[in-house]
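See structure below.
Chain letters run A, B, ... following the sequence lines, proteins first, then strands; residues in each count from 1.
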Protein chains: 2
Amino acid sequence: MLHMDIQQMLKERRLRATPARVATLDVLLSAGRALTHHEVEESLAAAGNRLDRVTLYRTLDFLVEEDLAHRLSGEDRTWRFSAQDKRSGHAHPHFCCSGCGATLCLGDLNPAMVVGLPEGYSFQQAELTIRGLCPACNHA
Amino acid sequence: MLHMDIQQMLKERRLRATPARVATLDVLLSAGRALTHHEVEESLAAAGNRLDRVTLYRTLDFLVEEDLAHRLSGEDRTWRFSAQDKRSGHAHPHFCCSGCGATLCLGDLNPAMVVGLPEGYSFQQAELTIRGLCPACNHA
DNA sequence: TATCCATATGCAACATTGTTGCACAAAATT
DNA sequence: AATTTTGTGCAACAATGTTGCATATGGATA
Ligand SMILES: [Mn+2]
Ligand SMILES: [Mn+2]
Ligand SMILES: [Zn+2]
Ligand SMILES: [Zn+2]
């Protein structure tokens, strides 16, 4: 995606279009999958846009906060970030490779979900997590 | 559960019934939810069974390896451990509190899953993660 | 019951991932 | 251009988990 268009995306929402944000969004938008902080960092460096570690953490947080990206957690305890559309309110299923941790957003929830995997991916198990509030947190 | 019975559980499987393992299993079995390493550590200490941090990590790994517990990851990037029966091959849904991270295993997958939440818990969102192998890892 | 060996434990050092505080730089506003 | 607001970099810290190695111990064997 063109940097001008990305700048536009940010300005339309009345957000500051800094180089760090534009470059980071660019990386996320051109990746076909969710990227870890470290992967984004490397990708930025490769494109000559080295960013401070902390700045990148804050930039990613910012993008999530502003709904320009979403964050997901896998089995390896590292966040992954994706700029893909959120679809049905973040409730879309994800694919997560048990070998390397590669993570990507799948399509909308599907009764024949296993069939919905992209070509080349193999199914091992499905995990459904309900997020909400426990009794203690409901009262607080 | 009685310590003698827990020792029996281990010995039936030809595993060494050390005090660390028995005490750890006891903690997991009496918790009504999945516990973090830290929570297990505190619970052990409270019962006068202080364990080295590393030993506890290794003990929990051991229990998972031997299928006496299972491990699950939430949004806060810390493992949680539960001694509950694995039910349908680990594929059962979990509840995870967005406020405090409290995590527990729910019953079998259920079309009216939301209704299946225990009393006092409130629904926010459902996340379905398919685990498997990506094309690269399928070939390796 | 005493001996022995595989392995479980404790300790220190390290790795990874993410956070906080603060000074300085860069955008936006006037 | 000056001022205000916000973003960035750096250093220090925190939380979680791992590795290597010396020592202790469970449980088998004699
Ligand atoms: Mn997603
Ligand atoms: Mn479970
Ligand atoms: Zn993979
Ligand atoms: Zn809670």
- Note on the structure: The residue, Leu15(B) or Arg50(A), whose nearest nucleotide of DNA chain D is more 5′ is Arg50(A)
- Message: Using a 4.0 Å heavy-atom cut-off, does Arg53(B) contact any base of the nucleic acid, only the sugar-phosphate backbone, or nothing at all?
- Response: base
- Query: Atom CG of Leu63(A) and atom C1' of dG7(D): how far apart are they, to the nearest Å?
  - Reply: 13 Å
- Note on the structure: Which of dG26(D), dG17(D), dT5(D) is nearest the side chain of Arg16(A)? It is dT5(D)
- Task: Determine: side-chain N/O of Thr55(B) to OP1/OP2 of dG10(C), distance under 4.0 Å, yes or no.
- Result: yes
- Task: Could you state the atom-to-atom distance from CG of Asp61(B) to C1' of dT9(C) in whole Å?
- Result: 14 Å
- Note on the structure: Between CG of Leu51(B) and P of dA8(C) the distance, given in whole Å, is 14 Å
- How close or far is atom C1' of dG27(D) from atom CG of Leu10(B), stated in whole angstroms? 14 Å
- Note on the structure: Partner of Thr24(A) under side-chain contact (heavy atoms from CB on, under 4.5 Å), picked from Val40(A), Asn49(A), Leu35(A), Leu29(A), is Val40(A)
- Query: With distance as the sole criterion, do the side chain of Arg58(B) and the base of dG10(C) form a donor-acceptor contact below 3.5 Å?
  - Reply: yes
- Would you mind telling me which of dT9(C), dG7(D), dA12(C) lies closest to the side-chain atoms of Phe62(A)? dG7(D)
- Task: Return no unless some side-chain N or O of Thr18(B) is found under 4.0 Å from OP1 or OP2 of dT25(D).
- Result: no
- Separation between OG (Ser82(B)) and CG (Leu28(B)), nearest 0.5 Å, reads 7.5 Å
- Aromatic ring pairing Tyr121(A)/Phe95(A), orientation class (parallel under 30°, perpendicular over 60°, tilted between): perpendicular
- What nucleotide, of dT8(D), dA8(C), dG18(C), holds the atom closest to the side chain of Thr78(A)? dG18(C)
- Task: Answer yes or no: is there an ion pair linking Arg21(A) with Glu66(A), defined by an N-O contact shorter than 4.0 Å?
- Result: no
- Item | Nearest-Å distance for atom pair CG/P, residues Asp52(B) and dA22(D) | 17 Å
- Quick one: is dA8(C) close enough that its OP1 or OP2 comes under 4.0 Å of any side-chain N or O from Arg21(B)? yes
- Message: The side chain of His37(A) is closest to which nucleotide in this list: dT19(D), dG18(C), dC10(D)?
- Response: dG18(C)
- Item | Closest-nucleotide ordering on DNA chain C, the 5'-leading residue of Pro19(B) and Arg77(B) | Pro19(B)
- Item | Side chain Arg71(A) and base dG18(C) donor-acceptor under 3.5 Å | no
- Query: Mind checking whether Leu25(B) and Phe62(B) sit in one hydrophobic cluster, side chains of I, L, V, M, F, W, Y counted as touching below 4.5 Å?
  - Reply: yes
- Note on the structure: Heavy-atom nearest nucleotide on DNA chain D taken for Trp79(B) and for Ala17(B); more 5' hit belongs to Trp79(B)
- Note on the structure: Separation of dA8(C) atom P from Glu65(B) atom CD, nearest Å, is 12 Å
- Would you kindly give the CG-to-C1' distance between Asp76(B) and dG18(C), to the nearest whole Å? 13 Å
- Note on the structure: Here the distance between atom P of dA28(C) and atom CZ of Arg14(A), to the nearest Å, is 13 Å
- So does Thr59(B) get a side-chain nitrogen or oxygen closer than 4.0 Å to the phosphate oxygens (OP1/OP2) of dA8(C)? no
- To the nearest 0.5 Å, how far apart are CZ in Arg71(A) and CD in Glu65(A)? 8.5 Å
